[in-house]
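If you read the sequence from its start, that first residue is 1, and numbering goes on from there. The figures here come from the full heavy-atom set of this structure, side chains too, leaving out hydrogens, waters and symmetry mates.
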Amino acid sequence: MPLSFTPYGAARTVTGSRHLVECDGRRVLVDCGLVQERELLARNWDDLPVPAASLQAVLLTHAHADHCGWLPRLVHHGFRGQIFCTSATAAIVPIILEDSARLQAEDAAHKRKRHAKEGRTGERPAQPLYDLDLVDQTVRRLRVVDFERPYEVAPGLTATWDFAGHILGAGHLLLAGGGRRLLLSGDLGRWDRPLLPDPADPPGADLTVIESTYGDRLHDVHADVEAQLAEVVGGTVAQRGALLVPCFAVERAQELLWHLGNLHDAGRIPELPVFLDSPMAVRLLEVFAQHPEALDTAARRRLARPGGPFAFHGLRLCTSREDSKAINEQRGPCVIIAGSGMCTGGRIKHHLDQRL
């Protein structure tokens, strides 16, 4: 049977990436993500249309939850193969899955309490999709691959990862087998961004499957991010206010610290407290420092700086709830960076409640 492709997620939706690739009777899954659209969350409880035990491997393009967050559920259903991914992705996946399991446990406890108070039951028992034990079973299956090197992921099927420029460790993926080549973009980044190499030129393929989440708009390639950020910080300081930044813990938080550090070092913003109030984002600072192979040249040069590539005077890393609550006592101008990036949960909601 020639190489074939069947999408089981992130088709006509944004999240829940799961793509089945078959070749000569072998099956692999490219990405295994959570569905995160609120109106579609019930899909996370559905079985994969093919038996999980029939999969030889899972290939991850990157470590965002909508690409890796359903992996423990796949293991629960009987998957026993290897999970191939780049080194940086393998370092981020456990952090993402542990956080997901914790949030699911908290959400389930909250639902049980609410249902008991209201004297009702939901459509299904209020329980998490998976727990930390399943996460542990899952991460044991991770196998690290290098960029730009082909790997046999199933008999007669090879896979090659190359830089996608999206988040640390992200790669677009070329699959070759049965005399055909299939290119899957994963999520794509932009050129000339800090921290990461530019997306690699895509190779030729018989079929290309490409992300299109923001494919209906043009980005301003000439935007000076640091000039815009300096203007916002300066305006906040002039008003003696606090700048609140809802931010994704993976990549966006680190990129923002990079820009703020540059502005601080150049004297383009006044010295003021900058709080990174996200335990996950703080953990990921170490991951960035430990994976120079996934960074661009400028970021690698700053790895030797005291405190790491993101450190600057005034930066305060907050991991505990006590650290977060103590920010309430901060008077005078400051910057507060916290999750979640879409203000749907996390510590940013607390800071908005305190400051608005």
Worksheet item: Do Leu129 and Leu132 sit in the same hydrophobic cluster, where Ile, Leu, Val, Met, Phe, Trp and Tyr count as joined when their side-chain heavy atoms come under 4.5 Å apart?
Response: no
Worksheet item: Between Lys111 and Asp107, is there a side-chain N and carboxylate O pair less than 4.0 Å apart?
Response: no
Worksheet item: Minimum heavy-atom separation for Glu22 to Arg27, with atom names?
Response: OE1-NE, 3.0 Å
Discussion item. Run Arg73 and Leu34 through side-chain contact (heavy atoms from CB on, under 4.5 Å) and show every step you take.
Written reply: CA-CA 10 Å; Arg73 196 71 187 168; Leu34 280 175; over 6 Å; no
Worksheet item: Looking at Thr15 and Gln36, what are the two nearest heavy atoms and their distance?
Response: OG1-N, 2.7 Å
Fill in: Gap between atom NZ of Lys325 and atom CZ of Arg347 - 0.5 Å precision
10.0 Å
Item to complete: Nearest 0.5 Å please: distance from the CZ atom of Arg193 over to the CG atom of Asp198.
Response: 10.5 Å
Discussion item. Test of understanding: clusters of I, L, V, M, F, W, Y form through side-chain heavy atoms closer than 4.5 Å, transitively. Do Val233 and Leu276 belong to the same one?
Written reply: yes
Fill in: Heavy-atom closest contact (Gly69 atom, Leu97 atom, distance)
CA-CD2, 3.8 Å
Worksheet item: Nearest 0.5 Å, what's the CG-CD1 distance between Leu243 and Ile336?
Response: 8.5 Å
Practice prompt. Evaluate the ring planes of Phe147 and Phe163, with Trp represented by its six-membered ring, and classify them as parallel (under 30°), tilted (30 to 60°) or perpendicular (over 60°).
Written response: parallel
Discussion item. Is there a continuous path of hydrophobic side-chain contacts, each under 4.5 Å between heavy atoms, that joins Leu218 to Tyr214?
Written reply: no
Item to complete: Assess the side chains of Asp187 and His64: does a donor N or O sit below 3.5 Å from an acceptor N or O?
Response: no
Worksheet item: Is there a path of hydrophobic side-chain contacts, each under 4.5 Å between heavy atoms of I, L, V, M, F, W or Y residues, that connects Leu303 with Val282?
Response: yes
Fill in: Closest non-hydrogen atom pair, Cys343 against Pro246
SG-CB, 3.5 Å
Discussion item. Tell me if a side-chain donor or acceptor on Trp70 pairs with a main-chain N or O of Asn44 at a distance below 3.5 Å.
Written reply: yes
Fill in: Reference residue Phe288; test side-chain contact (heavy atoms from CB on, under 4.5 Å); the match among Ile92, Leu257, Leu168
Leu168
Worksheet entry | Arg102, CZ: over 12 other non-hydrogen atoms inside 6.0 angstrom | yes
Practice prompt. Run through Leu244, Val237, Val274 and flag the one making a side-chain contact (heavy atoms from CB on, under 4.5 Å) with Val335.
Written response: Val274
Discussion item. Is it the case that the side chains of Asp133 and Gln137 hold a donor-acceptor pair, with the cut-off being a distance below 3.5 Å and no angle test?
Written reply: yes
Fill in: Between CZ on residue Arg268 and CG on residue Asn262, distance to nearest 0.5 Å
9.0 Å
Discussion item. Using every non-hydrogen atom in the two residues, find where His19 and Gly9 come nearest and quote the distance to one decimal.
Written reply: CE1-O, 3.4 Å
Discussion item. Hydrophobic clustering (ILVMFWY, side-chain heavy atoms < 4.5 Å, transitive) - are Leu59 and Leu174 grouped together?
Written reply: no
Worksheet item: Please walk me through it: do Tyr151 and Phe84 pass ring-ring contact (aromatic ring centres under 6.0 Å, His included)?
Response: CA-CA 9 Å; Tyr151 290 84; Phe84 293 84; 7.1 Å; no
Worksheet item: Heavy atoms, side chains only, cut-off 4.5 Å: are Pro203 and Leu183 in contact?
Response: yes
Worksheet item: Going by the angle between their ring planes, with limits at 30° and 60°, are Phe310 and Trp258 parallel, tilted or perpendicular?
Response: perpendicular
Discussion item. Please determine whether a side-chain nitrogen of the Lys or Arg among Arg283 and Asp99 lies less than 4.0 Å from a carboxylate oxygen of the Asp or Glu.
Written reply: no
Practice prompt. Quick one: pull up CD1 in Ile337 and CZ in Arg252 and give me the separation to the nearest 0.5 Å.
Written response: 13.5 Å
Fill in: Closest non-hydrogen atom pair, Thr86 against Gly169
OG1-O, 2.7 Å
Worksheet item: Could you give the distance from CG (Leu184) to NE2 (His172), rounded to the nearest 0.5 Å?
Response: 11.0 Å
Fill in: Any donor-acceptor N/O pair, Arg300 side chain to Leu295 backbone, under 3.5 Å
yes
